[in-house]
Structures are given as structure tokens and as C-alpha cells.
Amino acid sequence: TIQYGNWYINPQGNLAGSNSGAMLGGKINTGNSEWDNYRIDLDINGFQGIDGGVGFRYTPNGNAYELNLRFGTGLYNTPEAILRKTEDGITTIIGDTHSLTLIDQKWYHLTIEVSNEHIKVWINNGLIFDITDTGTKVKKGTLTLSYWTGDVGVAYMKFDNIVVTALASPPPPKTPIIFIPGIGGSEMKAAQDIIWSKDDGHGGIFSHAYSSNEKVWVNQDKA
């Protein structure tokens, strides 16, 4: 879905967004608003201009994360990668680095993984962000691609080989059970009626029909 800007398939078969003029941009989105934990793989080429963006967990109310890739070799404080979050109308920077290479007219492979509150970003298999955004409200939404111009007024961003893969939700944390052995230690009761028949560890079989809520340990009569 084109939200705004100039988008098309170029002669090389890439998805492209471009514009000339100060302070212009474009955004396109795809996916399902119920997507939560997923991995994005794509190729991006900042053919001309500086700013390209890949957003995730985007919703129509504006909540989203967006990775801003700033192509260049020193002009306008480039190269740079900025990870922003927009939540309840407020945009904040949660990650920022200049420790990478982003040269115009060169393809880069980008990978983003978002799982619950954890976000990881790789460029050409090099990890650039590993962030836990504790307490975030930005938990579901679509993928977006974008470009924009500054005062220079030229942008031409190319995207290709876009794949989104669902990630399994991490299992919920387990409550530990601590047993304190010995007479007077932990007490266990049967949660339901059950017939227990197992090796007693001494060459015999221990069998007993426990009724619900009957004490299993320490059961002095059975001991």
C-alpha cells in the first residue's frame, strides 16, 4: 500500500522510491496488523541521497519502530544507523551508531529481528544493534519502507528480496519448584485421584491409590 511518495518497479526489477526537492519523502507498507514477532530480510541500495528507512510493527495510529540508514562517507554526519520508536505520538531514539559502512550505489543485506521487547539488527551479517526495549507498547504491526530528502533534495532508494518470517514467541517463564528434603521439609499432596505404581528403588513395586488432596510427602503411614 503506497501511503505517499513516488514508488515504482525500476528497469532492473527493484522496488524503488525517488524524489527531487527539499524535504520530500515516501512511504509504503505491507503485511498484517496482527504480526508481532518476526524477522525481516531485505536488500537495500541507497543509490542517490542519504536517508532510507525500514519500519516494523507499524500501525495506523503512528506507533512503530523504524531503522533509518543514512548513506554517505562523511557528509552530513554520515554514515549512520538510527533506530527510532514512535509511541503515543512521541518519537525517541533507542539506538544510534556510526560504526558501519553505507556507501551510495552499493547493495547491503539488512536483517531485523523483533521478538517481544528484544530487537536485533544486522547489516551484511554484522550485528549493529542488540536492544531490549523494556515496557514498550509497540508490539504488533506491519512492515514499512521509506525514503526522504533533506535540504539537498534528492533521494533514490532501491529495495529487493524482501522476506518476512514469523518467529515463535518465547515460552513464558517457568515458576521454579524447590524441594527441601527430610522429615518436616516440603509437603506434597495429590492434585487429583491417581493410582501410583512404580519401582520403589529397593527391588519392589510401590502401589497406592491416592485420593485428591491426600498427602504424598511426608505421609508418615506410608513411610
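Side-chain atoms are counted along with the backbone in the values below, which use heavy atoms only and exclude waters and symmetry mates. Remember, predicted model here, so these are calculated numbers, not experimental data.
- For residues 193-203, the side-chain hydrogen bond (donor to acceptor under 3.5 Å, both in side chains) pairs, not counting sequence neighbours, are Ser197-Ser207.
- For the side-chain hydrogen bond (donor to acceptor under 3.5 Å, both in side chains) with Arg70, the lone residue among Asp51, Asn77, Thr78 that qualifies is Asp51.
- Between Arg39 and Asp41, at least one side-chain N (NZ, or NE/NH1/NH2) sits under 4.0 Å from a carboxylate O, which counts as a salt bridge.
- Under the side chain to side chain donor-acceptor pair (under 3.5 Å) criterion, Asn213 pairs with no residue, sequence neighbours left out.
- Scanning both residues, Thr149 and Ala22, for their nearest heavy atoms gives OG1-C, 3.6 Å.
- Screening residues 58-85 for ring-ring contact (aromatic ring centres under 6.0 Å, His included) gives Phe56-Tyr65 as the qualifying pairs, with residues at least two apart or on separate chains.
- Listed by first and then second residue, the side-chain hydrogen bond (donor to acceptor under 3.5 Å, both in side chains) pairs involving residues 22-32 are Gln3-Asn29 (not counting sequence neighbours).
- Thr86 is linked by a side chain to side chain donor-acceptor pair (under 3.5 Å) to Thr91, counting only residues two or more places apart in sequence or in another chain.
- In the hydrophobic clustering, where aliphatic and aromatic side chains (Ile, Leu, Val, Met, Phe, Trp, Tyr) are joined below 4.5 Å either directly or transitively, Phe47 groups with Tyr8, Tyr156.
- Grouped with Ile93 in one hydrophobic cluster are Ile82, the linkage being side-chain heavy-atom contacts under 4.5 Å among Ile, Leu, Val, Met, Phe, Trp and Tyr residues.
- Judged as a side chain to side chain donor-acceptor pair (under 3.5 Å), and not counting sequence neighbours, the contacts of Glu66 are Ser146.
- Of all the heavy atoms in Leu100 and Pro79, the pair that sits closest is O-CG, 3.3 Å.
- Atom CD of residue Glu214 and atom CD of residue Gln192 lie 13.5 Å apart, to the nearest 0.5 angstrom.
- Under the side chain to side chain donor-acceptor pair (under 3.5 Å) criterion, Asn19 pairs with Tyr147, not counting sequence neighbours.
- Results of the side chain to side chain contact (heavy atoms under 4.5 Å, CB included) test with Val138 over Asn63, Thr59, Asp133 single out Asn63 as the only residue that passes.
- For the atom pair CG of Asn10 and CG of Leu15, the computed distance is 8.5 Å after rounding to the nearest 0.5 Å.
- Annotation: salt bridge (charged side-chain N to carboxylate O under 4.0 Å, His left out) contacts involving residues 140-153, sequence neighbours excluded, comprise Glu34-Lys140.
- Linking Ile, Leu, Val, Met, Phe, Trp and Tyr residues whenever their side-chain heavy atoms come within less than 4.5 Å leaves Ile123 and Val163 in two separate clusters.
- Taking CD1 from Ile2 and CD1 from Ile28, the interatomic distance works out to 5.0 Å, rounded to the nearest 0.5 Å.
- When all heavy atoms of Leu167 and Val114 are compared, the closest pair comes out as CD1-O, 4.0 Å.
- Between the CG atom in Asp43 and the CG atom in Asn14 there is a gap of 9.0 Å [rounded to 0.5 Å].
- Judged as a ring-ring contact (aromatic ring centres under 6.0 Å, His included), not a single pair has a partner in residues 96-121 (not counting sequence neighbours).
- Looking at every heavy atom in both residues, Ala190 comes nearest to Tyr210 through CB-CB, 4.1 Å.
- Shown here for Gly55 and Ile40, the closest heavy-atom pair between the two residues is O-CD1, 4.4 Å.
- Connectivity analysis of hydrophobic side chains (ILVMFWY, heavy atoms under 4.5 Å, direct or indirect) links Leu127 to Trp122.
- When each of Leu110, Val54, Thr111 is checked for a side chain to side chain contact (heavy atoms under 4.5 Å, CB included) with Val121, only Leu110 meets the rule.
- Glu87 approaches Thr136 most closely through the heavy-atom pair OE1-OG1, 3.6 Å.
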